[in-house]
Amino acid sequence: MPTARESLLDAAFAALEGRPWPRVKMAEVAAAAGVSRQTLYNQFGSKEGLARALVRREADAYLSGVERALSGASGAAGPRERLAAAAVWTVRSATENPLVRAVLTGCWNERLPTPVTPVTSVTPVTSVTSVRTASPGPLPAPGELLGQARDRAVRLLAGDWPPGAVELPLACEAVARLALSYVVAPAPAADVARMVRTVLA
């Protein structure tokens with residue numbers, strides 16, 4: 001059973017699918033999650049705090065998917081295939097999730113929460129229960145999330161990369177940039193995998 005925090009984030013994400021973030025009401029998010037509005041404020045402090053936590057969760061989910069692809073969980077066996085699977089996951093995630101796309105590209109539109117103000121302190125909460133997670137950590141700058149995915153690729157593929165092939169860090173950088181180009185100028189995911197295989201051949 002999901003925690004109140006996860007239920008609230010799920011409800012916020014579902015609300016975002018139906019209307020622009022500025023029109024999403026905190027009371028509606030709380031009601032959809034089946035908790036009180038006070039619980040929502042206890043968890044996130046403000047609507048901005050909810051937005052930051054939502055974007056951070058989606059970014060973390062994207063990175064978890066990258067790790068699954070790189071570990072071979074997607075069925076890809078060799079390191080090149082696993083790197084191609086991570087590129088496909090990047091394009092698919094950005095296509096299906098507007099928050100992942102926005103964090104990867106830095107292109108936020110009026111429908112999305114735009115967490116541009118860094119959270120350096122937390123507004124005090126007067127209830128006995130304090131904000132459980134005041135700041136979910138800094139949000140990545142445009143392209144930084146892709147850089148984190150690249151760094152994970154280097155770490156996870158280091159032991160399997162074939163000798164004599166292009167240097168692993170360079171290969172991971174090229175694939176990350178290639179994936180980002182497919183995010184910015186969409187194309188079928190299968191094209192991404194084929195292009196990665198061609199580049200790394």
Side-chain angles (χ1 to χ4, degrees), residues 1-69 86-123 125 129-149 179-180 182-189 192:
M1 185 170 173
T3 64
R5 183 180 181 80
E6 281 302 310
S7 295
L8 286 162
L9 290 170
D10 289 343
F13 190 80
L16 182 59
E17 291 176 338
R19 57 192 173 281
W21 183 252
R23 291 182 39 210
V24 172
K25 305 294 184 204
M26 295 287 272
E28 294 169 359
V29 171
V35 301
S36 70
R37 194 166 54 169
Q38 185 61 51
T39 298
L40 174 55
Y41 281 101
N42 288 347
Q43 288 288 330
F44 302 105
S46 66
K47 189 174 181 183
E48 182 184 271
L50 175 61
R52 288 177 60 80
L54 181 59
V55 173
R56 180 77 261 174
R57 181 184 78 161
E58 299 308 307
D60 288 344
Y62 159 72
L63 289 173
S64 294
V66 167
E67 289 200 356
R68 281 192 304 276
V88 169
W89 168 253
T90 295
V91 174
R92 187 169 290 134
S93 294
T95 300
E96 296 172 358
N97 190 325
L99 293 176
V100 171
R101 180 182 174 87
V103 175
L104 285 172
T105 64
C107 297
W108 299 85
N109 64 39
E110 68 281 353
R111 292 192 56 84
L112 301 175
T114 310
V116 293
T117 307
V119 175
T120 55
S121 63
V122 180
T123 304
V125 178
T129 307
S130 62
V131 176
R132 289 194 171 85
T133 305
S135 174
L139 296 175
E144 192 176 330
L145 186 63
L146 198 66
Q148 292 176 21
L180 185 58
Y182 275 80
V183 169
V184 173
V192 182

Sequence neighbours excluded, which residues qualify as salt bridge (Lys or Arg N to Asp or Glu O under 4.0 Å) partners of Glu6?
Arg57

Taking side-chain contact (heavy atoms from CB on, under 4.5 Å) as the test, write out the residues that go with Ser36, two or more places apart.
Gln38, Thr39

Calculate, to the nearest 0.5 Å, the distance between atoms CG and CG belonging to Leu104 and Leu146 respectively.
6.0 Å

From Leu9 CG over to Arg56 CZ, what is the distance, rounded to the nearest 0.5 angstrom?
13.0 Å

What's the shortest heavy-atom distance between Met26 and Leu50, and which atoms?
SD-CD2, 3.8 Å

Return the set of residues passing side-chain contact (heavy atoms from CB on, under 4.5 Å) with Ala11 (not counting sequence neighbours), or none when no residue passes.
Val29, Ala32, Ala33

Would Leu180 and Thr90 satisfy side-chain contact (heavy atoms from CB on, under 4.5 Å), going step by step from the backbone distance to the final call?
CA-CA 8 Å; Leu180 185 58; Thr90 295; over 6 Å; no

Under the side-chain hydrogen bond (donor to acceptor under 3.5 Å, both in side chains) test, residues paired with Ser93 that sit two or more places apart:
Trp89

Side-chain contact test, heavy atoms from C-beta onward, threshold under 4.5 Å: evaluate it for Pro98 versus Leu112 and give yes or no.
yes

side-chain hydrogen bond (donor to acceptor under 3.5 Å, both in side chains): which pairs involve residues 18-27, sequence neighbours left out?
Arg19-Glu28

Nearest heavy atoms of Ala53 and Arg5, plus distance in Å:
CB-NH2, 3.7 Å

Of all residues at least two apart in sequence or in a different chain, which pass the side-chain contact (heavy atoms from CB on, under 4.5 Å) check with Ala149?
Tyr62, Leu63, Val66

Among residues two or more places apart or on two chains, list those pairs meeting salt bridge (charged side-chain N to carboxylate O under 4.0 Å, His left out) that have a residue in residues 89-108.
none

Taking all heavy atoms of Pro22 and all of Lys47, pick out the closest pair and write down the distance.
O-NZ, 3.6 Å

Residue pair Leu8 / Gln43: nearest heavy atoms and the distance that separates them
CD1-CG, 4.1 Å

If the condition is side-chain hydrogen bond (donor to acceptor under 3.5 Å, both in side chains), which residues does Glu58 pass it with, not counting sequence neighbours?
Asn97

Below 4.5 Å, heavy atoms only, C-beta onward: do Thr95 and Pro186 meet side chain to side chain?
no

